[in-house]
Amino acid sequence: MNNKEIVKVFQDIADLLELKGENPFKIRAYQRAAFSIEHLSEEVEQLVSENRLREIPGIGEAIGKKISELVATHRLRYYDELKSEFPKGISALLNIPNVGPKTAMLLTRELNIETVDDLERAIKSGKVAMLPRMGDKTSDNILRSIRMLKDKTNRIPIGQALPIVDNIIKRLQGVTGLRNLMPAGSLRRFMETVGDIDLLGTADNTERVMEAFISLPQVKQVLVAGTTKSSVILAGDFQVDLRIVEHDAFGSLLQHFTGSKQHNINLRERSLRQDLSLSEYGITDLKTGVLEKYATEESFYRRLGLQFIPPELREGGDEIQKAQVNSLPKLVEPSDIKGDLHIHTGWSDGHASIEEMVEEARRMGYQYIAITDHSVGRGIARGLDAERLQKQKNEICDLNKRYNNMHILAGIEVDIRADGSLDYPDELLSELDIVCAAVHSGLNQNRNQMTERVLKAIANPNINILAHPTCRQLSGRDPIELDMEAVFHTHGYVTFQYRPQGMGMDHLGAEKGGLGGFPE
DNA sequence: GCCGTTTTCGGCCCGACTGTTTTCAGTCG
């Protein structure tokens, strides 16, 4: 049983317990366990066999036993019994925005509603609005939510979200008294994809800002319109939340709205043990009742006795424990990046010339780049045959003479065919400075086939890099079935050893995951 | 159900907004 399946079981249990009206903290325990397993870098089965389950935060005796049962028997009696208490599929109702456990149970009990379609019909017939505490507005809102759920766009890559944010910020910047307008949430944490956009700012007149926000021309629907918090749906079905507080609470607001949810929960629980209560308005000292305000996040974390935690690390793992003992890792900054070893140009499916890429790389402060266009087998991407490859090498050679502060490596992204053979003969590959190998077709091969295929390809000594090893496309295509452990175990990390004169580069590894549609 | 700078028991993040209500329950982030 893999981690994903175990996560699903515990999330389901949490949902069912919610419907049942169980102790909320018990529900949270299951949610937390699911969260921990979801973010685990090891397989749970492995941890079970090594008796190390209790190392996972949020896994205690009871849930630990349930995991062992799941791993051993692929079933869980507790889960089966719980499921039998409810109509099948009822937890799908919880996916509808504005339908929580109380509403879902009410609908099921009173109207025998078991599916989203049942609910839609019942609303249209007017039965839902007749229920206690329901009414026309609520039932209309639920109907709208169902429609939204049905044509909900997936999370979008951060590269697509950023321009949307820029646009909104530009339009709101002119509002009098508005300051510090910026994105927070998963966007600020630089998650690969974002589900919605969180914007925040400070103002002395929050109403004026909110009015401007919900009146933006790209707003299709207003979900929530308050004095400090509003939510809208943009054309393109994308949700944007805006939160405004007064200027002097900017630090705590930024911290609050950047999240993640789990990071904030962990931080607040820890703070309570120090008699401090955290909110977007500041830190309340529970002994004196005084609210302290913070203009910066740095001072906010400092007050809690913590090293500043960069947004990218605030995912509810062990970042707080590390910040407590000043041992957070140093993150890679743009200035740390000295080169790029996977670049396409107009020679295949890129857009710019090699020289344009060199100029841009120089502007970015790079010291080296590798030109790695597609090999001949990628016809659709205008892959290079031997003759064009030679011409390209000549051009690179000329450019290297003209640019003495930039090393341009002549390379290729050679296609790994379905049988694991490569798209170029060895003698062609051996003449290149650097060779990336990549899978582009036959993506549906099973795990064994795919692993054998890749292992065979990278056994070729001419290969330096396995490019985009998962072949996934964010919000577009699932990863291929590839046993990464086998790849690493058999060949160690694929490294590139090349020592241009005077550069001192002796160990470079590269893999491009792809921000928003990186060309493959 | 988990967990501990005060605890092996008694806590468990915090606040905004909406709709249906005459004071708050439910939902969300």
Side-chain angles (χ1 to χ4, degrees), chain A residues 10 13-14 17-18 21-36 53-54 56-67 78 93-107 128-142 144-145 184-186 195-200 206 210 214 222-231 239-245 249 252-253 255-284 286-287 291 304-305 316 320-321 324-325:
Chain A
F10 288 132
I13 291 177
L17 291 178
E18 247 193 314
E22 261 282 5
N23 173 1
F25 302 109
K26 187 171 171 177
I27 296 164
R28 233 181 71 195
Y30 280 100
Q31 285 166 341
R32 180 171 285 192
F35 177 88
S36 281
L53 266 188
R54 297 293 287 274
I56 308 174
I59 309 285
E61 196 185 339
I63 294 183
K65 271 188 186 157
K66 293 187 171 77
I67 292 175
Y78 174 73
L93 296 181
L94 295 178
N95 293 332
I96 306 169
N98 302 315
V99 176
K102 294 286 191 296
T103 310
M105 276 315 277
L106 178 74
L107 292 166
V128 173
M130 311 278 283
L131 292 173
R133 287 198 70 88
M134 288 303 273
D136 287 338
K137 273 194 169 177
T138 303
S139 92
D140 277 357
N141 281 342
I142 294 175
R144 247 202 312 251
S145 297
S186 50
D196 56 20
I197 291 172
D198 300 307
L199 275 179
L200 59 81
T206 62
M210 285 304 170
I214 61 175
V222 178
L223 296 176
V224 174
T227 52
T228 71
K229 182 181 167 182
S230 296
S231 297
Q239 184 171 336
V240 184
D241 301 337
L242 176 65
R243 188 84 160 79
I244 302 284
V245 298
S252 48
L253 173 69
Q255 198 287 321
H256 166 82
F257 221 29
T258 296
S260 65
K261 180 181 170 190
Q262 196 57 49
H263 173 80
N264 282 358
I265 291 176
N266 294 349
L267 196 64
R268 287 166 184 197
E269 284 185 347
R270 174 184 181 275
S271 302
L272 274 183
R273 295 198 290 273
Q274 303 172 314
D275 282 325
L276 300 172
S277 171
L278 314 183
S279 79
E280 54 268 53
Y281 300 106
I283 300 178
T284 306
L286 293 174
K287 279 182 277 194
L291 173 72
L304 301 175
I320 294 173
Q321 287 85 333
Q324 205 166 306
V325 291

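Numbered from 1 within each chain, the chains take letters A, B, ... in sequence-line order.
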Looking at the side chain of [X], which of [options] is the nearest nucleotide?
X	options	result
A:Asp275	B:dT6, B:dG19, B:dG1	B:dT6
A:Glu280	B:dT6, B:dG1, B:dA16	B:dA16
A:Lys137	B:dG29, B:dC12, B:dT20	B:dT20
A:Ile63	B:dC13, B:dG1, B:dG29	B:dG1

Distance, [atom1] atom - from [M] to [N], rounded to whole angstrom:
N	M	atom1	value
B:dT21	B:dA25	P	13 Å
B:dC17	B:dT22	P	23 Å
B:dG4	B:dC13	P	14 Å
B:dT20	B:dG26	P	14 Å
B:dA16	B:dG11	P	25 Å
B:dT23	B:dG29	C1'	24 Å
B:dT8	B:dG1	C1'	14 Å

A:Arg243 (side chain) donor-acceptor with A:Glu280 (main chain) under 3.5 angstrom: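 Not a single qualifying donor-acceptor pair exists.
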
Using a cut-off of 4.0 Å on non-hydrogen atoms, how would the nucleic acid contact of [X] be classed: base, sugar-phosphate, or nothing?
X	value
A:Leu17	nothing
A:Asn98	sugar-phosphate
A:Ala33	nothing
A:Thr227	sugar-phosphate
A:Gln262	nothing
A:Lys102	sugar-phosphate
A:Asp196	nothing
A:Pro97	sugar-phosphate
A:Leu267	nothing
A:Pro101	sugar-phosphate
A:Asp140	nothing
A:Ile27	nothing
A:Thr103	sugar-phosphate
A:Glu61	sugar-phosphate

If you compare every side-chain N and O of [X] against the phosphate oxygens of [N] (OP1, OP2), does one of them come in below 4.0 Å?
X	N	result
A:Tyr281	B:dA16	yes
A:Thr138	B:dT20	yes
A:Arg273	B:dT5	yes
A:Ser277	B:dC14	yes
A:Arg28	B:dC13	yes
A:Lys66	B:dG1	yes
A:Asn266	B:dC13	no

Please give, in whole Å, the distance from [N] [atom2] to [X] [atom1]?
X	N	atom1	atom2	answer
A:Arg54	B:dG1	CZ	P	13 Å
A:Phe10	B:dG1	CZ	C1'	11 Å
A:Leu223	B:dG29	CG	P	9 Å

Parallel, tilted or perpendicular: ring planes of A:Tyr30 versus A:Tyr78, cut at 30 and 60 degrees: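 Correct class here is parallel.
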
Closest contact, heavy atoms only, A:Arg270 versus A:Ile320: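 The answer is CD-CG2, 3.5 Å.
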
A:Glu61 atom CD, over 12 foreign heavy atoms within 6.0 Å: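 Counting neighbours around CD of A:Glu61, 12 or fewer heavy atoms of other residues, nucleotides or ligands fall under 6.0 Å, so no.
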
Nucleotide opposite B:dG1 in a Watson-Crick or G-U pair, distances under 3.5 Å: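 With both distances under 3.5 Å, B:dG1 matches B:dC12.
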
